[in-house]
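Below is one structure, written out as structure tokens, with a few remarks after it.
Ligands are counted one by one from 1 in listed order, and the atoms in each one are counted from 1 as well. Heads up: numbering here begins at 1 and tracks the sequence. Nothing here was measured: the structure is a model prediction, and the numbers come from that model.
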Amino acid sequence: MRTKIAHISDLHFASSLFDPRLADNVAAVIAREAPDLVVVTGDLTTDGYVTEFEAARRFLDGLGVKEKLIVPGNHDARNLGYTVFEELIGPRFPCYRGKGITVMGLDSTEPDVDDGHVGREHYDSIRNTFSGPGVRVLALHHHLIPIPGTGRERQIPTDAGDLLGICKEAGVDIVLSGHKHLAWVWDLDGCFFITAATSTTRRLKGRSRPSMSILEIEDRDLTVREIKTDDLEESVVLRTRLRNH
Ligand SMILES: [Fe+2]
């Protein structure tokens, strides 16, 4: 069983630093790679306005990929954006079940604040979703572990520690996130925390570059390629075998 996932994040439609050439490159990579699933880990918009969601929706619909799993980011929860997200984009807690893989999305946002929170009322649902066989992937906007090179840490989910505990208990294999606009991978007890950079903007830390990731999962073998969305330079950032449950 083989699954290919394209992971993009922090699109920030309507931002002054949104770059349509980067968006074109994202679309070209997705057309070339033909993934089974596109995961978008939040911040589709800049201020949560309806017109921004509509622009993001047009872009995502234009990718021509049937399966998409999209969670909101802190920017999407601004200005009552959280009240239109489900109407314009989809469920805030989506789930994808493929052959040998389950991907669960979490809304980690709170209205009009930048830090994150999932909440204990969702912990049982995480446990239950991942009770079956196959690779277990969680997707949320906020990072659960601080990312090197991103300065003062002030927006990690307030219940990050408890969520890390749930990930361990539920045997989560991969956690996908965004938010910090810098790509990074942590391996914590055999669970891989993969943070994507911004894919379509120049809202970048220092000289870092915009990018997206392609995950290929075959049985329990995982390969992650990071593709820079400015010049399509590509590198393998992770090749590993996921542990058995
Ligand atoms: Fe964010």
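Of all protein N/O/S atoms, those under 2.8 Å from the Fe ion (ligand 1) are Asp43 OD2, Asn74 OD1, His141 NE2, His179 ND1, and waters are not counted.
At distances below 3.5 Å, not a single donor-acceptor pair connects side-chain atoms of Ser235 with backbone N or O atoms of Val237.
Residues Asn74 and His141 have side chains that bring a donor and an acceptor to within less than 3.5 angstrom of each other. Side-chain atoms of Thr41 and His7 form a donor-acceptor pair, as typed in the model, at a separation below 3.5 Å.
Linking Ile, Leu, Val, Met, Phe, Trp and Tyr whenever their side-chain heavy atoms come within less than 4.5 Å leaves Val39 and Leu182 in two separate clusters.
Applying the salt bridge (charged side-chain N to carboxylate O under 4.0 Å, His left out) test to every pair with at least one member in residues 146-160, sequence neighbours left out, gives no pairs at all.
When side chains are defined from C-beta on, Val224 does not count as touching Arg239, because their heavy atoms never get closer than 4.5 Å.
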